[in-house]
Number of protein chains: 2
Amino acid sequence: MTTGTETLRSPVQRAMEVCPVEVSMAVLGGAWKLSAVKYLLERTHRFGELQRRLGTVTPRTLTRVLRDLEADGIVVRTVYAEVPPRVEYSLTDLGRSLDQVVGWLNAWGDAYPRPVD
Amino acid sequence: MTTGTETLRSPVQRAMEVCPVEVSMAVLGGAWKLSAVKYLLERTHRFGELQRRLGTVTPRTLTRVLRDLEADGIVVRTVYAEVPPRVEYSLTDLGRSLDQVVGWLNAWGDAYPRPVD
DNA sequence: CTGAATCCCATAGGATACTG
DNA sequence: CAGTATCCTATGGGATTCAG
């Protein structure tokens with residue numbers, strides 16, 4: 001399985017020099033990224049759909065997040081030549097391989113202990 | 001299970017407003033963090049041991065990483081009143097609960113496709 | 001040995017406004 | 001609708017030096 005890209009983003013490159021877990025974090029770390037993947041595991045989404053489901057993300061940030069995920073081979077972006085424009089985001093095989101991980105991270109974060117008042 | 005702390009770091013607080021996976025990333029995201037946890041899952045480490053095993057981390061950064069993990073209830077720091085000083089880092093129950101996740105993220109990062117030359 | 005102090009820079013990510 | 005463009009700030013993280 002390949003990413004479909006020839007050049008890796010520099011954070012991912014640097015992570016590879018250190019440890020496999022760092023590679024995972026270089027690809028998946030950062031705000032909104034795993035939430036977006038979580039929704040895309042559910043089904044294909046349009047840009048506006050993702051924005052609404054994420055709640056408070058700005059279009060600029062969401063664009064960057066999706067572009068990174070695309071560059072890292074997680075997401076595929078499909079543009080339809082229509083008016084008004086329609087762009088759909090879905091997961092690659094590599095993206096779908098995150099199913100288990102996302103499930104566990106979601107469960108772990110959900111069980112994360114809230115401090116007592 | 002509680003963190004032992006009363007106040008959460010602000011990134012974690014903000015993540016809680018969004019999604020459980022964001023909580024996980026707020027706690028585990030960032031350079032060196034998961035690598036440190038990975039080694040601590042193996043056994044207790046002294047500061048210098050961790051530094052050497054991580055390879056190129058600076059003491060300043062490693063200190064911040066460990067302090068964050070401590071504040072988030074993942075790591076416990078034990079200071080021995082000796083000369084020269086000895087400080088040992090180990091995992092809390094919450095930290096050990098990351099065993100599976102770290103294993104999976106390590107495997108996923110290891111299998112992450114390198115681009116063809 | 002285990003940091004703290006200081007300095008520095010790049011990046012992440014929000015706010016706001018605009019466009020094909 | 002799906003972004004760009006511009007501006008801004010906070011913070012993450014490295015380099016280097018110093019200290020108990």
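First the proteins, then the strands, lettered A, B, ... as listed; each starts at 1. Atom set for the values below is all heavy atoms of this structure, side chains included, hydrogens, waters and symmetry mates excluded.
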Kindly check if the number of other-residue, nucleotide or ligand heavy atoms within 6.0 Å of CZ (A/R53) is above 12?
-> yes
Is the shortest heavy-atom distance from the side chain of A/R77 to the side chain of A/V87 under 4.5 Å?
-> yes
Verdict with supporting geometry, B/T61 and B/W32, side chain to side chain donor-acceptor pair (under 3.5 Å) | CA-CA 9 Å; B/T61 299; B/W32 310 112; 5.4 Å; no
Round to the nearest Å and state the distance from A/R46 atom CZ to D/dA2 atom C1'.
-> 9 Å
Specify the separation, in whole Å, of atom OH of A/Y89 and atom C1' of D/dC1.
-> 11 Å
Could you encode protein contacts along nucleotides 7-20 of chain D as a string, one character per nucleotide from 5' to 3', using B for base contact, S for sugar-phosphate-only contact and - for no contact, with a heavy-atom cut-off of under 4.0 Å?
-> B----SBBB----B
B/E70 side chain to B/R67 main-chain N or O, any donor-acceptor pair under 3.5 Å?
-> no
For the pair A/Y112 (side chain) and B/D72 (backbone), establish whether a donor and an acceptor sit closer than 3.5 Å, ignoring hydrogens and angles.
-> yes
Can you give the first and last nucleotides of DNA chain C, 5' to 3', that have an atom under 4.0 Å from a heavy atom of chain B?
-> C/dC1 to C/dC7
Charged N to carboxylate O below 4.0 Å: is that the case for B/R96 and B/D99?
-> no
Check whether the side chains of B/E88 and B/T78 place a donor and an acceptor atom closer than 3.5 Å, and report yes or no.
-> no
In chain order, what residues pass the salt bridge (charged side-chain N to carboxylate O under 4.0 Å, His left out) check against A/R60, with sequence neighbours excluded?
-> none
Of B/R52 and B/R67, the one whose closest DNA chain C nucleotide lies more 5' | B/R52
